[in-house]
K.L.:
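My questions all concern the structure below.
Computed over heavy atoms, backbone and side chain alike; hydrogens, waters and symmetry mates excluded.
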Amino acid sequence: MPGFFFPHNNMAELNGKEDCKLAEGKIPKKKQKAFGADLKNYLKCMVPHIESGIKTSNSRSVMLSAEEVIQWSQSLEKLLASQSGQGVFREFLKSEFSEENIEFWLACEDYKKTKSDHLHGKAERIYEEFVQSDAIKQINIDYQMREATAKKAQDPTHTSFDEAQRTVYVLMERDSYPRFLKSKAYLNLLNQLQTNTSK
């Protein structure tokens, strides 16, 4: 079935066409265009790779189909269950200057799988990066939750960030996710995949 091929997290392996320069990261950041142009160019670059696929560093291909993209509209949970969905949603959140939400959510998912003897180090990193009041990627949680999370992070367990993660998930679900589903980025991607499927 025709579809787009997405690398898991590596756009650097695209061919060197002019339209793909932003996706390849060859243009210095100070010269990069706005998010819409970046995603548009990235999606344009995907079209030639429908037949050949794009290989990731470990030679795996991920095919993105219209069916999968349609499933993203069923729930935020289904969107986040997809590697490609995470990538496209992250790009959208960057356009809204709120990518810290998905980054925190993903960090928490990874944290839950951490071996007990590594919990302390990861908890400290997550706290410093996302939770503390002067964090570079500070998430939007209230003072009480920030304080409660700080206490839990000092004596970490696998559930230390669950409440904060749930709050951020609900924030994305109620706020960013509905806008994502109405965004040109999502609708254009879906339209392109449906057009290719019908050929």
Side-chain angles (χ1 to χ4, degrees), residues 4 6 8-9 11 22-23 29 32-43 46 62 64-113 122-123 125-153 158-194:
F4 280 111
F6 271 74
H8 284 294
N9 286 316
M11 292 190 289
L22 286 173
K29 289 188 179 199
Q32 281 189 351
K33 297 177 184 177
F35 162 78
D38 287 348
L39 186 58
K40 183 178 175 184
N41 285 332
Y42 175 67
L43 293 175
M46 303 285 42
V62 177
L64 182 59
S65 66
E67 290 79 19
E68 181 180 358
V69 174
I70 289 169
Q71 285 184 348
W72 296 351
S73 68
Q74 294 174 0
S75 70
L76 178 59
E77 182 179 354
K78 288 195 177 186
L79 172 66
L80 295 177
S82 161
Q83 287 280 3
S84 300
Q86 290 174 15
V88 174
F89 190 51
R90 182 184 297 213
E91 288 300 313
F92 173 75
L93 291 177
K94 282 182 184 178
S95 76
E96 296 200 323
F97 304 101
S98 61
E99 69 267 23
E100 70 278 355
N101 291 329
I102 193 167
E103 289 177 15
F104 173 72
W105 187 86
L106 290 169
C108 290
E109 289 297 293
D110 178 61
Y111 176 80
K112 291 175 188 177
K113 300 171 191 165
K122 277 197 176 181
R125 185 189 63 78
I126 291 171
Y127 174 75
E128 290 174 358
E129 190 171 350
F130 299 104
V131 179
Q132 71 183 12
S133 58
D134 61 345
I136 295 171
K137 299 178 181 180
Q138 186 185 57
I139 53 171
N140 187 11
I141 55 176
D142 63 31
Y143 175 80
Q144 288 82 10
M145 183 167 296
R146 194 172 308 283
E147 290 299 306
T149 304
K151 286 179 185 173
K152 291 176 185 175
H158 284 95
T159 60
S160 294
F161 296 100
D162 281 3
E163 285 185 59
Q165 184 187 22
R166 200 168 14 259
T167 298
V168 167
Y169 181 89
V170 169
L171 180 67
M172 290 190 296
E173 187 175 45
R174 292 182 181 168
D175 189 37
S176 304
Y177 177 64
R179 285 199 305 276
F180 168 73
L181 294 178
K182 295 175 185 174
S183 71
K184 285 184 180 180
Y186 175 74
L187 295 173
N188 288 345
L189 176 61
L190 181 58
N191 184 49
Q192 183 68 47
L193 287 167
Q194 288 173 330

K.L.:
Using 0.5 Å steps for rounding, measure from the CD atom of Glu128 to the CD1 atom of Ile126.
P.N.:
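Between Glu128 CD and Ile126 CD1, I get 11.0 Å after rounding to 0.5 Å.
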K.L.:
Passes salt bridge (charged side-chain N to carboxylate O under 4.0 Å, His left out), Lys137 versus Glu129? Steps please.
P.N.:
CA-CA 6 Å; Lys137 299 178 181 180; Glu129 190 171 350; 3.3 Å; yes
K.L.:
If you take all heavy atoms of Ala66 and Leu190, which pair is closest and at what distance?
P.N.:
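Of all heavy-atom pairs spanning Ala66 and Leu190, the closest is O-CD1, 4.0 Å.
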K.L.:
Keeping the roles fixed (side chain from Tyr169, backbone from Glu77), state whether a donor-acceptor pair exists under 3.5 Å.
P.N.:
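Pair found, side chain donor or acceptor close to backbone of Glu77.
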K.L.:
Within a strict 4.5 Å, meaning less than it, do heavy atoms of the Val168 and Phe130 side chains meet?
P.N.:
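No, too far: nothing below the 4.5 Å cut-off.
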K.L.:
Taking side chain as C-beta onward, heavy atoms only, is Arg90 less than 4.5 Å from Leu106?
P.N.:
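Yes. Closest side-chain heavy atoms under 4.5 Å.
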K.L.:
Quick one: are Leu80 and Ile102 in side-chain contact, heavy atoms under 4.5 Å?
P.N.:
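The answer is yes; the side chains approach within 4.5 Å.
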K.L.:
Donor-acceptor pair, distance only, cut-off 3.5 Å: does the side chain of Thr159 make one with the backbone of Asp162?
P.N.:
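No, Thr159 side chain to Asp162 backbone: no donor-acceptor pair under 3.5 Å.
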K.L.:
Would you say that Gln165 contacts Glu109 through its side chain, given a criterion of any heavy-atom pair below 4.5 Å between the two side chains?
P.N.:
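Yes. Closest side-chain heavy atoms under 4.5 Å.
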K.L.:
I need the minimum non-hydrogen distance between Lys122 and Asp110, along with the two atoms involved.
P.N.:
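Where Lys122 meets Asp110 most closely, the heavy atoms are NZ-OD2, 2.6 Å.
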K.L.:
Let me confirm one number: the OH-OG distance from Tyr143 to Ser133, rounded to the nearest 0.5 Å.
P.N.:
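Result: 9.0 Å between the selected atoms.
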K.L.:
Kindly give the heavy-atom pair with the smallest separation between Cys108 and Phe161, and that separation in Å.
P.N.:
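Residues Cys108 and Phe161, closest heavy atoms: SG-CB, 3.7 Å.
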K.L.:
Work out which heavy atom in Tyr127 is nearest to a heavy atom in Ala153; give both atom names and the distance.
P.N.:
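Looking at all heavy atoms of both residues, the shortest contact is CB-CB, 4.3 Å.
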K.L.:
Using the six-membered ring wherever Trp is involved, compare the ring planes of Phe89 and Phe180 and label them parallel, tilted or perpendicular (cut-offs 30° and 60°).
P.N.:
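Rings of Phe89 and Phe180: perpendicular, as their planes differ by over 60°.
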K.L.:
Side chains of Ser84 and Glu68: is there a donor and an acceptor less than 3.5 Å apart?
P.N.:
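Per modelled atom types, Ser84 and Glu68 side chains form no pair under 3.5 Å.
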K.L.:
Using every non-hydrogen atom in the two residues, find where Leu181 and Tyr186 come nearest and quote the distance to one decimal.
P.N.:
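Heavy-atom minimum between the residues: O-CD2, 3.4 Å.
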K.L.:
Check the pair Asp175 / Arg179 against salt bridge (charged side-chain N to carboxylate O under 4.0 Å, His left out), numbers first and verdict last.
P.N.:
CA-CA 7 Å; Asp175 189 37; Arg179 285 199 305 276; 2.6 Å; yes
K.L.:
Can you list everything that forms a salt bridge (Lys or Arg N to Asp or Glu O under 4.0 Å) with Glu163? Sequence neighbours excluded, please.
P.N.:
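Result, salt bridge (Lys or Arg N to Asp or Glu O under 4.0 Å) vs Glu163: Lys152.
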K.L.:
To the nearest 0.5 Å, what is the distance between CD on Glu173 and CG on Leu79?
P.N.:
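Atom-to-atom, Glu173:CD and Leu79:CG are 11.0 Å apart.
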K.L.:
Nearest heavy-atom pair of Gln132 and Gln138: which atoms, and what distance?
P.N.:
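Closest heavy-atom pair between Gln132 and Gln138: O-NE2, 3.4 Å.
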K.L.:
With sequence neighbours left out, what residues match Ser98 under side chain to side chain contact (heavy atoms under 4.5 Å, CB included)?
P.N.:
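For Ser98 the side chain to side chain contact (heavy atoms under 4.5 Å, CB included) partners, ignoring immediate neighbours, are Leu93, Glu96, Glu100, Asn101, Ser176.
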K.L.:
Measure the CD-CG distance between Gln192 and Leu64 for me, rounded to the nearest 0.5 Å.
P.N.:
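Output value for this atom pair is 11.5 Å.
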K.L.:
Calculate, to the nearest 0.5 Å, the distance between atoms CD1 and CG belonging to Ile141 and Leu171 respectively.
P.N.:
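Interatomic distance, Ile141 CD1 to Leu171 CG, rounded to 0.5 Å: 11.0 Å.
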K.L.:
Taking the six-membered ring for Trp, are Tyr111 and His158 parallel (under 30°), tilted (30 to 60°) or perpendicular (over 60°)?
P.N.:
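Because their plane-to-plane angle lies in the 30° to 60° range, the rings of Tyr111 and His158 count as tilted.
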K.L.:
When rounded to the nearest 0.5 angstrom, what is the spacing between CZ in Phe92 and CG in Leu189?
P.N.:
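Nearest 0.5 Å value for the CZ-CG distance: 13.5 Å.
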K.L.:
Under 6.0 Å from the NZ atom of Lys112, do we count more than 12 heavy atoms belonging to anything else shown?
P.N.:
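Atom NZ in Lys112 is packed in, count exceeds 12.
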